Amino acid sequence: MELTKNFEPQEIEKKWYSHWMNNGYFKSVPDGREAYTIVMPPPNVTGVLHMGHCLNNTIQDILIRRARMQGKNACWVPGTDHASIATETKVVAMLRERGITKSQLSREEFLKYAWEWKEKYGGIILEQLKKMGCSLDWDRTSFTMDADYYKSVIEIFIRLHKDGIIYRGLRMVNWDPASKTALSDEEVIFKDVDSKLYYVTYPFADGSAGGITVATTRPETILGDVAICVNPTDERYISLIGKEVIVPIINRKIKIIGDEYVTAEFGTGALKVTPAHDKNDNELGKKHNLKALNTLDEEGKFTLEELEDDLLNDTIISYAGVDRFALRKKIALDIEAIGGLHKIEDYKSQVGTSERTGAVIESRLSLQWFMDMKKFIATNPDIAAAVADELIKFHPTKAKNTYAHWMNNIKDWCISRQLWWGQQIPAWYDEEGKFVVAENEEKAYEEYLKKHGAKSTASGEVWRGLKQDEDCLDTWFSSWLWPMEVFKGISNPNNEDVNYYYPTTTLVTGQDIIFFWVARMVMAGYAFKQTQPFKDVYFTGMVRDKQGRKMSKQLGNSPDLLLLIEQYGADAVRFGIMIASPAGNDILFDESALEQGRNFNNKMWNAVKLLKMWEGRCEILDTKYEKNTFAITWFENRLNEVCKEVNEMLNQFKLSEALKVIYSLIWDDFCSWYLEWVKPGFEQPIEKAVYEKTVSFFSQLMELLHPFMPFVTEEIYHLLEDRKDDLCTHIYAAPVQVDKKILSEGALLKNIISGLRDVRNKNQIKPKETIKVHMQTAEAIIYKSIESILAKQINAETIIYVNDAVAGTITTVIGKDKFYIETEQPLNVAGQKEDLEKELAHLKGFLISVEKKLSNEKFVANAKPEVLVVENKKKADALEKIGIIEDSLKNI
RNA sequence: GGGAGUUUAGCUCAGUUGGUUUAGAGCAUCUGCCUUACAAGCAGAGGGUCACAGGUUCGACUCCUGUAACUCCCA
């Protein structure tokens, strides 16, 4: 079979993925083996694959493939999240393009469109994951709005309501005027913006001259002002507390009050209090018994509804329906016109924006459903302890602090959203607003009867006046059940699957959703399954571009992943994203890393080509690869050494490092050293035993690399030999002891080869020119076994052992041995001297630092004995080397 | 404003309880090679006052304090 010049991934990837699928390798059913379970963080159902998913899922695939090869029952569950607000936003936009507005549609009609949309675009991302080689158990694909899942979410809501943890209340919420819904604190993103600080004067109500000036960034809320507040220790204003001033335009009389909350240094030191439109003002309002006057509607437009106690003039009436930002300018102008605007300053402020729509958030008083988190956490002390005590291990551990900090400052969770796409809140209301919580309408009537008594209509018919809450639940209120409900742990408690797979083993997710999701899954785990949801959590950072910027559509710096896979191959993409991605740190994505991955594929591919050449030239000898004993035993040990290292690194989730070590083992140790060492001369035969050993090494290398780069390794595994098994389900052999002595001899050999090659380079000896090497060493015995490799690698025709310096040669010292090189080239005596002197200076400097330590009495008295031994050995070594170099210098 | 984290070669990162030959990789750079698997390659080389300033210690990249810059989270 003729192999292509370079590795061509496209066909090979398709071939192996379907082969693995056809053999059901990714399927998992409970059995007697240890389970290794990962639930995939469900991407948005309408999402497409981006770099973040790529990183995330590559890591999960590495972990799951390794577990599979360790003989564990590996189960990786795919799925998607209905992503309430994100999806609804998309559906609304799609309808708008077709000329339909949401308000024209009934809930049922809208949901029909949404489901159609979901069927059409949902799960594209899952198909894309197959291209990356992800070994997911596709039969277990779940969706957070599957019928059972939906029921479970409702059941949990009812349970928590019964326990008094979920309640309904009028609270200040983060209101997104674009999607007209409340948001949780976690969905609000603070951004720095350039704004203006308006200095507005409120004249005194008693007609006396002057007034009080406040600085505000939000003049549009002035009509909702109910007080002015100053710090009671602020001498400028002490005498004014209790006085009345007039709100401009609306001419409402309000009081000046005092409260420590106000910072005297900010603005003018006087604060306008608008309880309906600011969280802090709302607190202040409650404390001082102030009314909250709402002047903005759910779309952020001016409304007169709550101003019935005020005298409305034409100006105010003209504001009705004006958007908040237009209103800001308008009111500022109108105040200026009546001489109330003192000045305007540029000001940098932070405003909250909606994570999904980007709209500026309004604080708004609203009736919403909340979860009392403090109370909930108190039901199970393990929730906080699990992470602190490392029952659940975070990688990197520093994420523990973030978790603890949030737990300690936890606030109530607003779980209702004014959206239709999601689990509808199971609360039913009568005309007066009295309500019951129940899993369906029938039960709701039963409940109602129990709670509020029978009701009948005027005409005596059975009363059917209950209406279900229009709102749905926050998406995270369903995804926090993910690790248990993908195994039907709530809808079908204690079934075989959930008993076997739960708690899951490892969760891989972004640090940015530690509160949204990770913490809440921990809570749900302990609250509803009485145990942790997972054992380890591996946090990935954010994928940024080369310049460290976030990837975003606006910047256009987000690469098309499928295109990259097409260009470089999935293995190369996996390699590129993994080679420099420390746990928990952001990774800077650089396409050159993908090139490196592609080149790595080619390197391995070419090694296969070399072996295929040898295969045809095998000869059977009974020498038992005598000539190559050193090369083979050295590589065998080196391989085993790295296997152990990699194993330890992976146990500690050091994935990048493990990949680096494997990369170097294959490229440097195997290709650059080992293959060159056993390589026969031009068109010479190779001993069959050596060939077979080499094939076996190569196969083991492929095993080691397989979790990282599944396609190319599977392909090479099969190219090397005809096999019945596949690498995908191959089980790793038990670790083997390594021989340290041969490893150090190998290191010595490499060192000498590099050193002598350097000498050749510096003396401009052409690669093809052979040299004669005279070696002066105290340990000729070691060199005997590596001599032939050495000769081959430095193109030496002979190696002669000598006891004295050889005149007319290039002299060099490597370690403790001297080498004299005979060559046709003219000798560069000065250059040699310079090199030796440089080395000598370095050693002398080193010696001084060691001697300084050793002559320090306190060091000798305090240092541990083993440190002392090392220092003494350093000194002896340095002295010996210095002697050897000085000796050589004399002879030049 | 409060909290957490980061700062080591041009870039991306290692550096495990303070002592392991006066700091290690990979990429990039430079020099020489189209050598017979591989120029998407081979061989070799150069490059760092470990952010700054103090302190603890016989000894600090490592521990402590402060400063600066950046990142994230919370208000």
Side-chain angles (χ1 to χ4, degrees), chain A residues 3 5-7 185-186 188 190 263 266 279-280 350 352 396 398-406 408-409 411 511-512 514-515 541-542 544 546 548 568 572 579-582 584-590 592-593 595-614 652 654 656-657 659-661 663-664 667 671-672 675-676 679-684 753-755 757-762 764-768 793-795 842-843 845-850 852-864 866-868 870-871 873-875 877-878 881:
Chain A
L3 294 179
K5 183 173 184 297
N6 286 329
F7 177 66
D185 291 341
E186 287 76 11
V188 178
F190 285 88
T263 323
F266 182 81
K279 261 186 200 164
N280 296 316
Q350 285 198 310
K398 64 187 181 190
K400 271 170 79 172
N401 296 340
T402 317
Y403 181 90
H405 189 253
W406 187 70
N408 294 334
N409 295 287
K411 299 195 177 65
Q511 243 176 332
D512 48 338
I514 187 162
F515 309 139
M542 204 181 296
R544 296 167 179 276
K546 222 170 145 181
Y568 295 96
I579 195 67
S581 77
N585 280 0
D586 286 355
I587 88 156
L588 301 192
F589 177 76
D590 184 351
S592 73
E595 266 176 52
Q596 199 187 340
R598 180 198 58 190
N599 297 352
F600 186 32
N601 278 337
N602 282 335
K603 186 70 187 177
M604 293 187 283
W605 190 249
N606 278 300
V608 176
K609 276 167 41 183
L610 179 68
L611 260 70
K612 287 284 123 182
M613 259 177 57
W614 291 354
Q652 294 170 56
K654 293 182 175 175
S656 277
E657 277 180 69
L659 179 57
K660 277 180 195 164
V661 170
Y663 173 78
S664 160
W667 198 303
C671 292
S672 298
L675 287 179
E676 294 300 330
K679 188 190 244 178
F682 184 50
E683 294 193 338
Q684 294 294 303
I753 293 172
S754 294
R757 278 172 175 171
D758 186 30
V759 172
R760 291 187 62 120
N761 248 343
K762 283 203 175 116
Q764 295 175 313
I765 301 171
K766 293 252 150 52
K768 281 185 179 162
Q793 294 289 278
I794 59 171
N795 198 15
H842 174 259
L843 280 168
F846 176 68
L847 182 66
I848 290 169
S849 79
V850 177
K852 222 161 135 190
K853 264 193 221 175
L854 284 170
S855 62
N856 184 331
E857 279 170 39
K858 283 186 175 171
F859 170 72
V860 179
N862 291 324
K864 281 181 248 162
E866 57 270 29
V867 173
L868 223 61
V870 170
E871 291 302 318
K873 185 165 183 320
K874 278 190 202 170
K875 184 181 169 181
D877 280 358
K881 283 183 189 168

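Everything numeric in this text was worked out from a predicted model, so none of it was measured.
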Where are the stems of RNA chain B, defined as at least 3 consecutive Watson-Crick or wobble G-U pairs with both distances under 3.5 Å? B:1-7 with B:68-74, B:10-13 with B:24-27, B:29-33 with B:41-45, B:51-55 with B:63-67
Salt bridge (charged side-chain N to carboxylate O under 4.0 Å, His left out) against Glu676(A), all qualifying residues, sequence neighbours excluded: Lys679(A)
If each of Lys654(A) and Asn856(A) is mapped to the nucleotide of RNA chain B with the nearest heavy atom, which maps nearer the 5' terminus, i.e. the 5' end? Lys654(A)
In whole angstrom, give me the gap between the P atoms of G10(B) and U21(B). 24 Å
Quick one, Phe7(A) and Asn606(A) - any side-chain contact, counting heavy atoms below 4.5 Å? no
Whole-angstrom distance between U8(B) and C13(B), as gauged at atom C1': 10 Å
Dump every N/O contact between nucleotides 34-41 of chain B and the protein below 3.5 Å, one line per pair.
{"from": "A37(B)", "atom 1": "OP1", "to": "Lys679(A)", "atom 2": "NZ", "distance (Å)": "3.2"}
{"from": "A37(B)", "atom 1": "O2'", "to": "Asn606(A)", "atom 2": "OD1", "distance (Å)": "2.9"}
{"from": "A37(B)", "atom 1": "N6", "to": "Cys671(A)", "atom 2": "O", "distance (Å)": "3.4"}
{"from": "A37(B)", "atom 1": "N6", "to": "Glu676(A)", "atom 2": "OE2", "distance (Å)": "3.2"}
{"from": "A37(B)", "atom 1": "N3", "to": "Asn606(A)", "atom 2": "O", "distance (Å)": "3.1"}
{"from": "A37(B)", "atom 1": "N3", "to": "Ala607(A)", "atom 2": "N", "distance (Å)": "3.3"}
{"from": "C38(B)", "atom 1": "O4'", "to": "Asn606(A)", "atom 2": "OD1", "distance (Å)": "3.2"}
{"from": "C38(B)", "atom 1": "O4'", "to": "Asn606(A)", "atom 2": "ND2", "distance (Å)": "3.4"}
{"from": "C38(B)", "atom 1": "O2'", "to": "Asn606(A)", "atom 2": "ND2", "distance (Å)": "3.4"}
{"from": "C38(B)", "atom 1": "O2", "to": "Lys603(A)", "atom 2": "NZ", "distance (Å)": "2.9"}
{"from": "C38(B)", "atom 1": "N3", "to": "Lys603(A)", "atom 2": "NZ", "distance (Å)": "2.8"}
{"from": "A40(B)", "atom 1": "N3", "to": "Arg598(A)", "atom 2": "NE", "distance (Å)": "2.9"}
{"from": "A40(B)", "atom 1": "N3", "to": "Asn599(A)", "atom 2": "OD1", "distance (Å)": "3.3"}
{"from": "A40(B)", "atom 1": "N3", "to": "Asn602(A)", "atom 2": "ND2", "distance (Å)": "2.8"}
{"from": "G41(B)", "atom 1": "OP1", "to": "Asn599(A)", "atom 2": "ND2", "distance (Å)": "3.0"}
{"from": "G41(B)", "atom 1": "O3'", "to": "Lys603(A)", "atom 2": "NZ", "distance (Å)": "3.4"}

Sorted by chain and residue number, the salt bridge (charged side-chain N to carboxylate O under 4.0 Å, His left out) partners of Lys609(A) (sequence neighbours excluded) come out as none
P spacing across the pair A37(B) / C50(B), given as an integer number of angstrom: 46 Å
P gap between G48(B) and A25(B), integer Å: 15 Å
Looking only at atom C1', what distance separates A28(B) and U12(B), rounded to whole Å? 11 Å
Residues passing the side chain to side chain contact (heavy atoms under 4.5 Å, CB included) test with Lys603(A), sequence neighbours excluded, are Trp667(A), Cys671(A)
Quick one: list whatever passes ring-ring contact (aromatic ring centres under 6.0 Å, His included) with Trp614(A), sequence neighbours left out. none
Side chain to side chain donor-acceptor pair (under 3.5 Å) filter on Tyr663(A), not counting sequence neighbours, yields Gln596(A)
Say you pick atom C1' in C42(B) and the same atom in G47(B); how far apart are they, in whole Å? 22 Å
Expressed in whole Å, how much space separates the C1' atoms belonging to G55(B) and G18(B)? 15 Å
Considering heavy-atom distances to RNA chain B, does Thr402(A) or Asp512(A) have its closest nucleotide positioned more toward the 5' end? Thr402(A)
Taking salt bridge (charged side-chain N to carboxylate O under 4.0 Å, His left out) as the test, write out the residues that go with Glu657(A), two or more places apart. none
Contacts under 3.5 Å, N or O only, protein and nucleotides 25-28 of chain B:
{"from": "G26(B)", "atom 1": "O2'", "to": "Gln596(A)", "atom 2": "NE2", "distance (Å)": "3.0"}

Who are the side chain to side chain donor-acceptor pair (under 3.5 Å) partners of Arg598(A), not counting sequence neighbours? none
Set out, line by line, the N/O atom pairs under 3.5 Å between protein and nucleotides 18-22 of chain B.
{"from": "U21(B)", "atom 1": "N3", "to": "Asp877(A)", "atom 2": "OD2", "distance (Å)": "3.3"}
{"from": "U21(B)", "atom 1": "O4", "to": "Lys873(A)", "atom 2": "NZ", "distance (Å)": "3.3"}
{"from": "U21(B)", "atom 1": "O4", "to": "Asp877(A)", "atom 2": "OD2", "distance (Å)": "2.4"}
{"from": "U22(B)", "atom 1": "O4", "to": "His842(A)", "atom 2": "O", "distance (Å)": "2.9"}
{"from": "U22(B)", "atom 1": "O4", "to": "Phe846(A)", "atom 2": "N", "distance (Å)": "3.4"}

Residues at least two apart in sequence or cross-chain that pass salt bridge (charged side-chain N to carboxylate O under 4.0 Å, His left out) with Lys762(A), listed by chain then number, are Asp758(A), Asp835(A)
For atom P, what is the distance between C61(B) and A45(B), given to the nearest Å? 27 Å
Grab the CG-P distance between Asn401(A) and C73(B) for me, whole Å please. 16 Å
